[in-house]
Amino acid sequence: MITTLLQHCIADALKKLYNIDADAESLVLQATSKNFEGDYTFVVFPYVKQARKAPDMVGREIGEEVQNQCSEVKSFNVVKGFLNFVIDERYWLAFVAKHVGDKQYGMKTAATDAAPIVVEYSSPNTNKPLHLGHVRNNLLGWSVSQLLKANGNNVKMVNLVNDRGIHICKSMLAWQRFGNGETPENSGVKGDHLVGKYYVEFDKHYKAEIKELMEQGMDEEEAKKQAPLLLEAQSMLKRWEEGDKEVRALWEMMNGWVYAGFDETYQRLGVGFDKIYYESNTYMLGKELVQKGLDMGVLYRRDDGAVCADLTDAGLDHKVLLRKDGTSVYMTQDLGTALLRQHDFGAEQLIYVVGNEQDYHFQVLKIILKRLGYDWADKLYHLSYGMVELPNGKMKSREGTVVDADDLITEMEQTAAAMSKEHGKNDDLSPEQQQRLFHMLAMGALKYFILKVDPSKNMLFNPAESIDFNGNTGPFIQYTHARICSIIRKAESEQNVVIKAGQDVTIQQLLSEKERDVIKQLHNLPATIEAAAAAYSPAMVANYAFDLAKAFNSFYQDTPILRDTDRDTMMFRIQLCSMVATTLKNTMMILGIEVPDRM
RNA sequence: GGUUCCGUAGCUCAGCUGGAUAGAGCAACUGCCUUCUAAGCAGUAGGUCCUGCGUUCGAAUCGCAGCGGAAUCACCA
């Protein structure tokens, strides 16, 4: 890596010239600004005081020393306190020669025997279908997992399905009461949507009951608690917990519908899991932990019998972990599942992809685990992402402004198909191939649109912009890949060109500005993957892919490739094309986006 | 009210541990297809980086204060 080489040369120079001890790794090298000549820039201001010389003098002295020591440095210039290094062409050519034909350039191979990083994401409730918020979660979870793999980690993806609780009983009850035996089969309604329909149905009738009770003179608070439907749902939950056969059978049937529906959506989204946990199996966990905490004296029992954690010394509040009736709460379960997961995987790290509305929850979870004596609590990482908002505000199920995941995907596919047909470039493909392409483009647009935004930030989902094919979009990058594939196909068929690893890379003339830009961007890939993985940010990968595609298109626009009459030059440019195609494909794969060979 | 996050072009977003004249895309306007895919390229225009103070040779970036927005502070999950 040229930058680490430069860092060490500079550190040596600082020592030799001014007796300054600097840690080579900590020296900052930045890409030279476009307005100046050079590839990498070192800012000397921080050292002028110790060097006791003027900035440009320090720059020249370090520059000369580094140039003498480092053959890769062709020349340098100093502008004010900025020392700009120009890297020798041969370095860039050697770089291309080294990696051309490598289908895994920049991707580290995952160590399968290492302790895994466990990524939990998705974690849906089984009472309603997936919506846009879940889509961001799923795409992020999948992408971060791929990113960590690309960075050489052993990654396990897990899903914790919230398949029990009062909310599930509500849809069960409503179906029993108002369903008339409707099933996904006899109605043609997708399972998760069907169950979601009865969840809404419950709410409708429940509200009506409240209203009626209030008209009879009951106050609202009381009416909400006394509505017969709610009482019945509660009693159903109780029977469920007691293992009542009839209730369990109903539960299993309806959950089966939901899972079939979810699987379909997951498949369309292109996400998956190594292991699925069900809360119905894990919800009892955690109670023992609470007992342990009581024994250890880190938890206390309140007068009414509830068990709590006093977190006031950590600047937080008191947190109830067992209700006075002894039942567990969400936090109790999460304590238990964390322990279970740690046992199952012996993880190096436990990542939770969960929205930022649960920041407080995870803060508390970590502290309590720590107090229970689990040092691995430090391995928990809450990958907290922002909300998805719509142009007219937040999604509200009550106002019907929730964007359904299935509908969204279908609409994207239809739009992609319409746009693609308009271009007419794919008319000769078979209907199956076309469908596959439209889906690829639709998902490319959707995924890129969501993933290009930094996870921690709230984002605005503008449906019109999300399906855009121009500019900073997934299809733009897909298109760039398709173009390159077209060139390579022609090169292979018309020029008998073969691209493989370990080829010679030679040109007679100097690299053009555009060629150099493309090479430098390719050269940035490993550092980008590392930085993105460290930040858990697919957005950094997305931006990288866009910059590379832009650099390539600019190069492509005014540089002859197959048209060039010099065989070496043509060959070199095809090699460059090939590396760009590979890199675009791999970086888009990290985002969960496939790239077509033509479009 | 406490805590946390956010505020960059008309809109959506990049700007990493402080560095040169703050960048993209969309929208607007100009050019470029008899030539490797124009889903592209090149260009014009568009900015008190929320405000103020401070630290520094140097601040969009760090600190404090204020303004504006969001989340959270459940015996819900």
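Numbers restart at 1 for each chain; the letters A, B, ... are given by sequence-line order, proteins then strands.
Side-chain atoms of A:S554 and base atoms of B:rA42 include no donor and acceptor less than 3.5 Å apart. A donor-acceptor contact under 3.5 Å is not formed by the side chain of A:N470 with the base of B:rA27.
With a cut-off of 3.5 Å on both pairing distances, the Watson-Crick or G-U wobble partner of B:rA42 is B:rU30. The pairing partner recorded for B:rU61 is none, the criterion being a Watson-Crick or G-U wobble arrangement whose two distances lie under 3.5 angstrom. Here B:rU56 sits opposite no nucleotide as a Watson-Crick or G-U wobble pair (both hydrogen-bonding atom distances under 3.5 Å). In this structure B:rU3 sits in a base pair with B:rA71, meeting the Watson-Crick or G-U test at under 3.5 Å. Nucleotide B:rA14 has no partner under the Watson-Crick or G-U criteria, as no pair reaches both atom distances under 3.5 Å. The nucleotide B:rA20 finds no pairing partner, because no Watson-Crick or G-U wobble arrangement with both distances shorter than 3.5 Å includes it.
Taking atom CZ of A:R164 as the reference point, atom P of B:rC76 lies 12 Å away to the nearest angstrom. Atom CG in A:D468 sits about 13 Å away from atom P in B:rA39, given to the nearest Å. Summarising the geometry, the separation between CD on A:Q333 and C1' on B:rA77 is reported as 8 Å, rounded to the nearest angstrom.
Residue contacts for A:N462: at a heavy-atom cut-off of 4.0 Å it reaches no nucleic acid atom on any strand shown. Within the 4.0 angstrom heavy-atom criterion, no nucleotide atom of any strand lies near A:T480. Within the 4.0 angstrom heavy-atom criterion, only backbone atoms of the sugar-phosphate kind lie near A:F546; the bases stay farther away. A:D163 comes within contact range of no nucleotide atom at all, as no heavy-atom separation falls under 4.0 Å. At a threshold of 4.0 angstrom between heavy atoms, the contacts of A:D334 with the nucleic acid are absent. A:V43 comes within 4.0 angstrom of a base, heavy atoms only.
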Got a list of protein N/O to nucleotides 71-73 of chain B N/O distances below 3.5 Å?
residue	atom	partner	partner atom	Å
B:rA71	OP1	A:K394	NZ	2.5

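In this structure a side-chain-to-backbone donor-acceptor pair under 3.5 Å is present from A:S493 to A:R489.
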The contact string for nucleotides 29-37 of chain B, one letter per nucleotide 5' to 3', using protein heavy atoms under 4.0 Å with B, S and - for base, sugar-phosphate only and none, comes out as ------BBB
Contact string for nucleotides 54-62 of chain B, one letter per nucleotide 5' to 3', B = base within protein heavy-atom range under 4.0 Å, S = sugar-phosphate only, - = neither, reads ---B-----
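Base orientation of B:rC13: anti, since the glycosidic angle falls outside 90° of 0.
The side chain of A:E465 sits closest to B:rC11 out of B:rC11, B:rC13, B:rA20. Of the candidates B:rA14, B:rA39, B:rG25, the closest approach to any side-chain atom of A:N472 belongs to B:rG25. The side chain of A:K457 lies closest to B:rC6, out of B:rU12, B:rA39, B:rC6. For A:F476, the listed nucleotide lying nearest its side chain is B:rG40; candidates were B:rA20, B:rA14, B:rG40. For A:M459, the side-chain atoms get nearest to B:rC13 when compared with the rest of B:rU21, B:rG40, B:rC13.
In terms of the side-chain hydrogen bond (donor to acceptor under 3.5 Å, both in side chains) criterion, residue partners of A:S456 (sequence neighbours excluded) are, by chain and number, A:D454. A:Y385 meets the ring pair (Phe, Tyr, Trp, His ring centres under 6.0 Å) test with no other residue; sequence neighbours excluded. Residues satisfying the ring pair (Phe, Tyr, Trp, His ring centres under 6.0 Å) criterion with A:Y300, sequence neighbours excluded, are A:H318.
Residues A:R436 and A:E594 are paired through a salt bridge, judged by an N-O separation under 4.0 Å between the basic side chain and the carboxylate.
Spacing of C1' atoms, B:rA38 relative to B:rC5, comes out at 43 Å, to the nearest Å. B:rA45 sits 15 Å from B:rU30 when the P atoms are compared, rounded to a whole Å. For B:rU51 and B:rC32, the P atoms lie 42 Å apart once the distance is rounded to whole Å. Taking atom P on both B:rC41 and B:rG46, the two are 23 Å apart, rounded to the nearest angstrom. Separation of the P atoms belonging to B:rC29 and B:rA65 is 47 Å when rounded to the nearest angstrom. Between B:rA22 and B:rA59, the two C1' atoms lie 12 Å apart (nearest whole Å). Spacing between B:rG47 and B:rA24 at atom C1', rounded to whole Å, works out to 15 Å.
By the stacking rule of 5.5 Å between ring centres and under 30° between planes, A:F469 stacks on the base of B:rA39. B:rA77 has no stacking from A:H167 on its base ring, since the centres under 5.5 angstrom apart and planes within 30 degrees of parallel are not both found. B:rA20 has its base stacked against the ring of A:F82, the centroids being under 5.5 angstrom apart at an interplanar angle below 30°.
For A:Y536 and A:Y381, the distance between ring centers is under 6.0 angstrom.
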